[in-house]
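Notes follow the structure.
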Amino acid sequence: MKVLSPILACLALAVVVSHAALSPEQYWSYKLPNTPMPKAVKEILHPELMEEKSTSVNVGGGGVNVNTGKGKPGGDTHVNVGGKGVGVNTGKPGGGTHVNVGDPFNYLYAASETQIHEDPNVALFFLEKDMHPGATMSLHFTENTEKSAFLPYQTAQKIPFSSDKLPEIFNKFSVKPGSLKAEMMKNTIKECEQPAIEGEEKYCATSLESTIDYSISKLGKVDQAVSTEVEKQTPMQKYTIAAGVQKMTDDKAVVCHKQNYAYAVFYCHKSETTRAYMVPLEGADGTKAKAVAVCHTDTSAWNPKHLAFQVLKVEPGTIPVCHFLPRDHIVWVPK
């Protein structure tokens with residue numbers, strides 16, 4: 001009997017171990033044997049886990065809630081930034097103003113003048129120099145209600161994902177054209193089809209397997225895959241950065257933002273000018289969180305009217321700009 005050489009044996013194994021042969025969990029273990037799966041990924045694979053009281057930093061696909069905490073009754077500004085846009089409520093008695101201004105993780109977008117004028121001091125983004133133990137910020141950790149799950153790789157590959165196939169996509173998922181869900185899906189595809197900003201590479205992954213493959217292709221070996229975790233849901237309150245801020249990468253990383261869609265889709269982008277941190281937070285009520293913060297060290301290619309510049313009063317390319325990531329977004333860190 002002829003024995004295969006080690007090289008041929010490995011090639012034969014690679015043929016056997018395909019997307020179709022393994023479950024998403026098995027594929028993760030095969031491709032990333034020494035990388036623990038974040039809780040966020042487990043929840044997307046098994047949406048029933050999200051029935052528990054898990055919470056998220058409400059930033060991005062799930063929204064960002066930031067309160068300026070001015071302490072005046074009815075005078076606080078509440079900012080909700082999500083995949084469906086940014087809603088600003090002035091908190092004035094008798095109602096408020098709601099404004100849709102787009103996705104803050106699309107760095108080509110410009111913030112609307114209406115939003116800027118609502119409150120120019122809204123603390124959505126922050127500067128890297130302000131991320132230190134003892135620093136405080138008012139945040140709202142909300143329960144994540146977005147339960148779209150991953151499709152199996154083979155299934156996702158057979159479903160079109162492009163603007164010119166929208167009628168077919170809507171029909172596939174029984175979505176009524178012109179409905180809120182249809183517009184949400186249309187906007188997600190549109191963002192995925194936009195060109196990447198200078199200095200970044202982007203890709204929209206429609207399965208966990210393709211998310212893993214993209215991250216490995218851009219980073220080589222992956223050391224960590226991390227996401228934000230919070231003990232429990234709390235009302236808007238002050239959080240203090242605790243000791244133990246950990247820098248996970250000093251240059252490149254792949255960041256994947258979960259999008260609003262009929263099934264789990266991740267907008268992933270790789271940058272050579274990204275620093276990622278794990279930031280321990282403690283709420284005024286004692287609630288603890290481990291929040292992932294991403295700092296962009298080169299923002300020169302961003303839209304000069306991006307919300308970050310409007311809020312922080314800085315110019316593109318002058319100083320690192322940071323933001324927290326929601327619980328259902330993932331940062332992939334290279335070895």
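- Panel note: side chain T188, backbone N260; a donor-acceptor pair is recorded below 3.5 Å.
- Minimum heavy-atom separation, S207 to A156: CB-CB, 4.3 Å.
- Results of the side chain to side chain contact (heavy atoms under 4.5 Å, CB included) test with V41 over D328, I330, T211 single out I330 as the only residue that passes.
- Residue pairs satisfying the salt bridge (charged side-chain N to carboxylate O under 4.0 Å, His left out) criterion with at least one member in residues 165-175, sequence neighbours excluded, are absent.
- Between A182 and P177, the shortest heavy-atom contact is CB-CA, 4.1 Å.
- A heavy-atom distance below 4.5 Å is found between the side chains of K31 and D213.
- E200 is not listed as a side-chain neighbour of E272, based on a closest heavy-atom distance of 4.5 Å or more.
- Between P24 and E209, the closest side-chain pair of non-hydrogen atoms falls below 4.5 Å.
- Contact check for Y203 versus K218: no side-chain heavy atoms found under the 4.5 Å cut-off.
- Across all non-hydrogen atoms, the minimal contact from Q310 to P304 is NE2-O, 4.5 Å.
- Without hydrogens or angle criteria, T318 side chain to V314 main chain gives no donor-acceptor distance under 3.5 Å.
- Atoms CD and CE, from E43 and M37 in turn, are 12.0 Å apart once rounded to the nearest 0.5 Å.
- C295 has its SG atom within less than 2.5 Å of the SG atom of C322.
- To the nearest 0.5 Å, atoms OH (Y261) and CD1 (I169) are separated by 4.0 Å.
- A distance of 12.0 Å separates CZ of F150 from OH of Y263, quoted to the nearest 0.5 Å.
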For this session: Under the side chain to side chain contact (heavy atoms under 4.5 Å, CB included) rule, what do V226 and M278 come out as? Steps first, then yes or no, please.
Result: CA-CA 9 Å; V226 295; M278 183 63 76; 4.0 Å; yes
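- Here the side chain of T299 pairs a donor or acceptor atom with the backbone of G317 at under 3.5 angstrom.
- The distance from the NZ atom of K202 to the OG atom of S271 is 14.0 Å, given to the nearest 0.5 Å.
- In this structure the side chain of T249 never reaches within 4.5 angstrom of the side chain of T274, judged on heavy atoms.
- The shortest non-hydrogen separation linking A243 to P280 is O-CG, 3.3 Å.
- The structure places SG of C256 at 13.0 Å from NZ of K270, a figure rounded to the nearest 0.5 Å.
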Name every donor-acceptor pair, under 3.5 Å, that has one atom in a side chain of residues 283-293 and the other anywhere in the protein, sequence neighbours excluded.
| residue | atom | partner | partner atom | Å |
| --- | --- | --- | --- | --- |
| D285 | OD1 | Q237 | NE2 | 2.9 |
| D285 | OD1 | T287 | N | 2.9 |
| D285 | OD1 | T287 | OG1 | 2.9 |
| D285 | OD2 | T287 | OG1 | 3.2 |

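- Remark: side-chain polar atoms of N187 are paired, donor with acceptor, to backbone N or O of E183 under 3.5 angstrom.
- Closest approach of Y214 to E201, counting heavy atoms only: OH-O, 3.2 Å.
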Exercise. Would Y239 and F324 satisfy ring pair (Phe, Tyr, Trp, His ring centres under 6.0 Å), going step by step from the backbone distance to the final call?
Worked result: CA-CA 13 Å; Y239 281 83; F324 285 114; 9.5 Å; no
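- Ring geometry for H269 against H296 counts as parallel: the plane angle stays under 30°, on a 0 to 90° scale with 60° as the upper cut.
- Without hydrogens or angle criteria, Q26 side chain to S23 main chain gives a donor-acceptor distance under 3.5 Å.
- Residues passing the salt bridge (charged side-chain N to carboxylate O under 4.0 Å, His left out) test with E315: none are found, sequence neighbours excluded.
- Side-chain contact of Q224 with T35: a donor-acceptor pair under 3.5 Å is absent, judged by distance alone.
- Scored by the side chain to side chain donor-acceptor pair (under 3.5 Å) test, Q246 finds no partners at all (sequence neighbours excluded).
- Under the 3.5 Å distance criterion, the side-chain polar atoms of E193 are matched with a main-chain donor or acceptor of S163.
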For this session: Could you walk me through whether W332 and D223 pass the side chain to side chain contact (heavy atoms under 4.5 Å, CB included) test, one step at a time?
Result: CA-CA 8 Å; W332 304 79; D223 181 43; over 6 Å; no
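- Annotation for W28 and A225: closest pair CH2-CB, 3.8 Å, computed over non-hydrogen atoms.
- The distance from the CZ atom of F266 to the NE2 atom of H329 is 7.0 Å, given to the nearest 0.5 Å.
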Exercise. Please walk me through it: do L219 and V254 pass side chain to side chain contact (heavy atoms under 4.5 Å, CB included)?
Worked result: CA-CA 8 Å; L219 299 177; V254 169; 3.8 Å; yes
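- Not counting sequence neighbours, D164 has no partner by the salt bridge (charged side-chain N to carboxylate O under 4.0 Å, His left out) test.
- Take K247 and apply the side chain to side chain donor-acceptor pair (under 3.5 Å) test, not counting sequence neighbours, and it matches D250.
- Looking only at side-chain heavy atoms (C-beta outward), T228 and P326 stay at 4.5 Å or farther from each other.
- Using bins of under 30°, 30° to 60° and over 60° for the plane-to-plane angle, the ring pair Y30/Y27 lands in the tilted bin.
- You'll find the side chain of I319 reaches within 4.5 Å of the side chain of L127, heavy atoms only.
- With S174 contributing its side chain and F170 its backbone, the two residues share no donor-acceptor pair below 3.5 Å.
- Using a 4.5 Å cut-off on side-chain heavy atoms (C-beta onward), K258 and I44 make contact.
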For this session: Would you please test M131 and V279 for side chain to side chain contact (heavy atoms under 4.5 Å, CB included) and show each step?
Result: CA-CA 8 Å; M131 184 172 54; V279 183; 3.6 Å; yes
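- In this structure, Y267 and H257 have tilted ring planes: the angle between them lies in the 30° to 60° band.
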